[in-house]
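Have a look at the structure below before the remarks.
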Amino acid sequence: MLSITAVGNVCYDPETRQVGNLDVCNFTILVNKKRKDEEFTTPIKCAVWGPRAKFAYDLLKKGQQVTVTGQAHLESYSSNKTGETRYQLNMEVNDFRLPPKPKVDADAMPF
């Protein structure tokens, strides 16, 4: 079992559907990492199952930062264009968190 925690940005609005009698919310996050002068982006396809699927669907939006924790697995597939083998990291999300909202100072007026 591969348990991971990742922080990334949602790359498109989540989609929801029903599989059997369970709801599932699917979304992809992009995780950025900088090493020396290079930047790497890793996409992670995420699935939230059960009652929390609706919460994920309602809360998550494209561009939003989210922290996800769960079990991941690497899936291989053949590219349609070149026929070469490619890999996709998939995650069954156990928990997700949004960053805390900044506190607004009631005494500080913007004008």
Side-chain angles (χ1 to χ4, degrees):
M1 176 183 342
L2 176 61
S3 295
I4 65 170
T5 298
V7 179
N9 293 75
V10 179
C11 77
Y12 59 83
D13 285 334
E15 299 171 350
T16 187
R17 61 190 169 97
Q18 197 164 25
V19 178
N21 60 353
L22 284 177
D23 291 327
V24 62
C25 177
N26 296 97
F27 58 94
T28 299
I29 65 170
L30 299 176
V31 179
N32 295 318
K33 179 178 177 155
K34 208 173 207 181
R35 190 180 317 157
K36 295 187 181 180
D37 293 335
E38 288 186 87
E39 189 168 319
F40 301 92
T41 302
T42 303
I44 303 175
K45 289 180 109 176
C46 299
V48 179
W49 289 86
R52 288 185 290 166
K54 176 148 177 41
F55 292 114
Y57 181 76
D58 291 341
L59 292 174
L60 299 175
K61 302 293 177 229
K62 179 180 177 179
Q64 189 172 34
Q65 186 181 63
V66 64
T67 302
V68 292
T69 303
Q71 285 72 46
H73 68 277
L74 197 59
E75 185 177 291
S76 63
Y77 64 95
S78 180
S79 170
N80 290 341
K81 294 179 182 177
T82 63
E84 66 183 80
T85 301
R86 297 196 177 202
Y87 299 93
Q88 172 65 50
L89 188 57
N90 296 321
M91 177 184 222
E92 186 173 324
V93 177
N94 294 333
D95 190 26
F96 66 93
R97 297 182 189 272
L98 302 175
K101 291 184 179 181
K103 292 184 180 181
V104 177
D105 186 1
D107 296 331
M109 298 297 282
F111 44 89

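When reading the values below, keep in mind they use all heavy atoms of this one structure, side chains included, and skip hydrogens, waters and symmetry mates. Bear in mind that the values here come from a model prediction, so they are computed numbers and not experimental data.
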Is there a side-chain contact (heavy atoms from CB on, under 4.5 Å) between Met91 and Gln71? Walk through the geometry before answering.
CA-CA 6 Å; Met91 177 184 222; Gln71 285 72 46; over 6 Å; no
Criterion side-chain contact (heavy atoms from CB on, under 4.5 Å) on Val10 and Val66, from CA distance to verdict
CA-CA 7 Å; Val10 179; Val66 64; 4.0 Å; yes
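- Here the CG-CD1 distance, from Leu89 to Ile44, works out to 5.0 Å after rounding to the nearest 0.5 Å.
- Legend: residues meeting side-chain hydrogen bond (donor to acceptor under 3.5 Å, both in side chains) with Glu92, ordered by chain and number and at least two apart, are absent.
- Counted by atom type alone, Thr85 and Ser76 present zero donor-acceptor pairs between their side chains at under 3.5 Å.
- For the pair Cys25 and Pro14, the tightest heavy-atom approach, listed with the atom from each and the gap, is SG-CB, 3.6 Å.
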Leu60 vs Leu98, test: side-chain contact (heavy atoms from CB on, under 4.5 Å). Steps then yes/no.
CA-CA 9 Å; Leu60 299 175; Leu98 302 175; 3.6 Å; yes
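- Cys46 contributes atom SG, which lies 4.5 Å from atom CD1 of Ile29 (distance to the nearest 0.5 angstrom).
- Through direct or relayed side-chain contacts under 4.5 Å between Ile, Leu, Val, Met, Phe, Trp and Tyr, Val19 connects to Leu22, Val24, Trp49.
- At a threshold of 4.5 Å between side-chain heavy atoms, the hydrophobic network of Ile, Leu, Val, Met, Phe, Trp and Tyr places Tyr87 and Ile4 in one connected group.
- Taking hydrophobic clusters as Ile, Leu, Val, Met, Phe, Trp and Tyr residues chained together by side-chain heavy-atom distances below 4.5 Å, Val7 does not share a cluster with Val93.
- Residue pairs meeting the side-chain hydrogen bond (donor to acceptor under 3.5 Å, both in side chains) criterion with at least one partner in residues 53-68, sequence neighbours excluded, are Lys54-Asp58.
- Here the shortest heavy-atom pairing between Phe96 and Phe55 reads CZ-C, 4.2 Å.
- Partners of Thr42 by side-chain hydrogen bond (donor to acceptor under 3.5 Å, both in side chains), not counting sequence neighbours: none found.
- Among residue pairs with one or both ends in residues 8-23, those qualifying as side-chain hydrogen bond (donor to acceptor under 3.5 Å, both in side chains) are Tyr12-Thr28; sequence neighbours excluded.
- If you take CG on Asn90 and NZ on Lys45, they are separated by 6.5 Å, rounding to the nearest 0.5 Å.
- Residues Phe40 and Val31 are not in side-chain contact: their nearest non-hydrogen atoms beyond the backbone lie 4.5 Å or more apart.
- The structure places CZ of Arg86 at 14.5 Å from CD of Glu75, a figure rounded to the nearest 0.5 Å.
- For the side chain to side chain contact (heavy atoms under 4.5 Å, CB included) test, residues two or more places apart in sequence or in another chain that qualify with Glu39 are Asn32, Lys34.
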